[in-house]
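One is the number of the first residue; the rest follow in order along the sequence. These figures come from a predicted structure and were not determined experimentally.
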Amino acid sequence: MRLFGKVRTRRPTTATTPAAGLPPSSSSPTERGLPRAARMPRASSSAGRLTVRRMPERALHERDQIEVPRWLRRYGQMSWLFIGIVIVVAMVVFATTRIQAVFIAVFLALVVTSVLYPVVTALARVMPRALATAVAMLGSLAVVAGIFTYVITSVTGQWEDLADQFGQGIDDIFEFLETGPLPFHFTQAEIYDWINALIVQAQEYVSANAGDLAGQVLSNAGAVALLFTVFALSLFVTVFFLLRGGDMWRWFLNQLPSRSRDTVHRAASSGWYTFAGYARGTVIVASADAILAFILLAIVGVPLAAPLAVLVFIGAFIPLIGAPLAMIIAAVVALAAGGIIDALIVTIGIALVGQIEGHLLQPLVMGKQVSLHPVVVALGVTAGTFLAGLLGAIIAIPIIAVAWAVYSALHNPDPPIEGRLPDPRGIAEDVNRRRQRHNERSMDAGGDSDGSPTTGRAYG
């Protein structure tokens with residue numbers, strides 16, 4: 001306990017000049033020889049009693065407390081909380097970059113689990129869950145292997161025809177550039193010279209950087225080994241997620257305090273529902289885009305329709321830009337194989353498929369599970385691309401969607417604003433009027449304190 005105050009002592013009478021009628025002081029000679037400030041009070045006498053005065057609590061607070069506006073304290077606390085959240089997010093991102101392979105494996109496992117979990121649950125009603133998991137995994141692997149087998153066989157079976165079509169298409173492009181309606185023209189000899197110059201530059205670059213290229217080839221070989229490691233780890237984790245995912249989550253909840261289990265489960269369930277809806281919806285939309293692209297390319301007669309459809313399927317996992325880029329590649333192939341007319345037809349088909357995807361498939365398949373504004377999607381994809389490249393562009397939207405779902409589950413919003421919002425111009429004019437009245441009162445109060453008459457006017 002902190003004590004404030006002064007120590008009060010009663011001064012003893014001096015022995016040199018005793019008052020009339022009073023006995024001399026009984027203090028010792030040693031005490032009489034000490035200065036007045038050094039004399040110690042006796043514990044047994046009334047002259048040595050200590051009296052302590054404690055300062056009032058209000059005075060103590062008024063002395064120690066600094067006057068800070070309430071709005072500054074509130075927004076200062078919010079700023080510190082925001083800085084803490086940013087630091088935590090930055091640490092999570094940094095840790096993820098250090099274990100990127102593990103993160104990719106777990107992310108792929110979550111995607112596959114979200115797609116196959118309903119299938120496993122349905123099969124588990126008629127067979128053991130372990131057998132249902134094995135059937136679902138083997139069936140999905142068989143579908144993927146069948147698609148790649150069909151793509152490879154279609155490419156190898158059409159190789160000779162493709163070479164002839166590409167040769168004829170390139171000749172048509174050269175003729176268009178030489179005699180077409182464009183304001184500029186290139187002769188075939190100029191184009192060949194330009195291509196030959198590029199080939200010579202490429203050869204010189206290879207010969208000058210042979211050592212670096214060899215090192216890159218070896219590093220790419222290591223990347224291939226890492227790719228197989230990620231695939232094996234993802235497959236292993238997916239099996240356990242499908243087989244014992246519920247038990248694993250229950251064990252995790254049991255490690256938390258009982259007061260926090262319901263909140264964590266509610267937030268995690270909302271996030272998983274959003275993530276699963278996004279993953280399943282993306283797979284369905286990508287499959288629909290691939291089927292429509294295959295039908296369009298097959299009708300037009302563009303070669304490599306199946307590989308291009310697979311490319312469209314893969315590109316659909318990159319929001320906004322993936323599927324259009326794949327379709328542009330298909331249009332270039334159509335231009336090289338069939339000419340300008342086929343390329344224009346494929347380009348128009350690209351626009352139609354994009355409209356069907358954006359206005360019909362995504363609202364119908366995803367619904368309210370992933371309700372993000374297109375501006376948020378565009379900003380998220382751009383930020384993810386700058387932070388982590390292609391991987392960031394793929395995972396940005398599901399992470400944002402899950403974060404928003406968790407926030408919505410934990411946040412109780414206030415009633416929404418009804419009616420029209422105040423006019424910004426009216427708000428600004430009202431602020432200016434209040435500021436002017438405040439200035440006038442301040443000047444009037446200054447005139448009163450100086451003893452001069454208040455005139456209510458501004459002094460220059």
Side-chain angles (χ1 to χ4, degrees), residues 61 65-93 96 110 114 249-250 252-282 319-320 358-359 362-384 386-387 392 395-438:
H61 288 296
Q65 186 177 3
I66 300 176
E67 292 295 334
V68 179
R70 183 179 300 175
W71 65 269
L72 185 58
R73 292 198 302 268
R74 183 177 63 181
Y75 289 112
Q77 293 175 356
M78 293 174 60
S79 301
W80 279 113
L81 291 175
F82 179 75
I83 292 173
I85 293 173
V86 171
I87 292 174
V88 171
V89 172
M91 293 176 62
V92 171
V93 172
T96 303
L110 291 175
S114 64
W249 178 246
R250 185 181 296 274
F252 175 77
L253 288 179
N254 290 332
Q255 309 309 311
L256 301 176
S258 58
R259 64 180 181 273
S260 303
R261 293 172 184 173
D262 182 67
T263 303
V264 173
H265 180 67
R266 184 172 68 253
S269 299
S270 179
W272 172 249
Y273 176 77
T274 301
F275 180 84
Y278 178 83
R280 287 195 294 265
T282 303
L320 294 179
H359 294 86
Q362 289 186 355
L364 182 63
V365 173
M366 296 185 182
K368 297 183 179 179
Q369 293 178 343
V370 184
S371 56
L372 295 178
H373 197 274
V375 174
V376 177
V377 175
L379 294 177
V381 172
T382 305
F386 279 107
L387 287 176
I395 68 174
I397 301 307
I399 289 178
I400 294 175
V402 170
W404 178 251
V406 172
Y407 172 77
S408 300
L410 299 178
H411 175 63
N412 294 322
D414 295 329
I417 300 175
E418 297 180 357
R420 297 181 58 184
L421 295 175
D423 186 18
R425 181 178 179 180
I427 295 176
E429 292 177 352
D430 182 65
V431 170
N432 292 331
R433 285 194 297 268
R434 287 191 287 110
R435 186 177 302 169
Q436 185 178 2
R437 288 196 298 266
H438 175 74

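Applying the side chain to side chain contact (heavy atoms under 4.5 Å, CB included) criterion to Trp71, with sequence neighbours excluded, gives Pro69, Tyr75. Taking the side chain to side chain contact (heavy atoms under 4.5 Å, CB included) definition, one finds that Ala279 meets it with Val111, Ser114, sequence neighbours left out. Partners of Arg70 according to the side chain to side chain contact (heavy atoms under 4.5 Å, CB included) rule, which considers only residues two or more places apart in sequence or in another chain, are Arg73. Residues forming a side chain to side chain contact (heavy atoms under 4.5 Å, CB included) with Ile83 (at least two apart in sequence, or on another chain): Trp80, Ile87.
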Point to revise | Worked check of side-chain contact (heavy atoms from CB on, under 4.5 Å) between Phe82 and Val86 | key: CA-CA 6 Å; Phe82 179 75; Val86 171; 3.8 Å; yes
**Study point:** CA sep, side-chain torsions, deciding dist, call: Leu387, Val93, side-chain contact (heavy atoms from CB on, under 4.5 Å)
**Key:** CA-CA 10 Å; Leu387 287 176; Val93 172; 5.7 Å; no
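In terms of heavy-atom proximity, Leu110 sits nearest to Trp272 at O-CH2, 3.9 Å.
Residue pairs satisfying the salt bridge (charged side-chain N to carboxylate O under 4.0 Å, His left out) criterion with at least one member in residues 258-277, sequence neighbours excluded, are listed as follows: Asp262-Arg266.
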In a table with atom names and distances, give each donor-acceptor pair under 3.5 Å that connects a side chain of residues 422-434 to protein atoms at least two apart or in another chain.
{"from": "Arg425", "atom 1": "NE", "to": "Glu429", "atom 2": "OE2", "distance (Å)": "3.3"}
{"from": "Asp430", "atom 1": "OD2", "to": "Arg434", "atom 2": "NE", "distance (Å)": "3.3"}
{"from": "Asn432", "atom 1": "ND2", "to": "Ala428", "atom 2": "O", "distance (Å)": "3.2"}

Contacts under 3.5 angstrom, residues 397-416 side chains, donor-acceptor by atom type, not counting sequence neighbours:
{"from": "Ser408", "atom 1": "OG", "to": "Trp404", "atom 2": "O", "distance (Å)": "2.8"}

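The neighbour count for Ile417 CD1, taken as heavy atoms of other residues, nucleotides or ligands under 6.0 Å away, does not exceed 12.
By the 4.5 Å heavy-atom criterion applied to side chains, Val89 and Val92 are not counted as neighbours.
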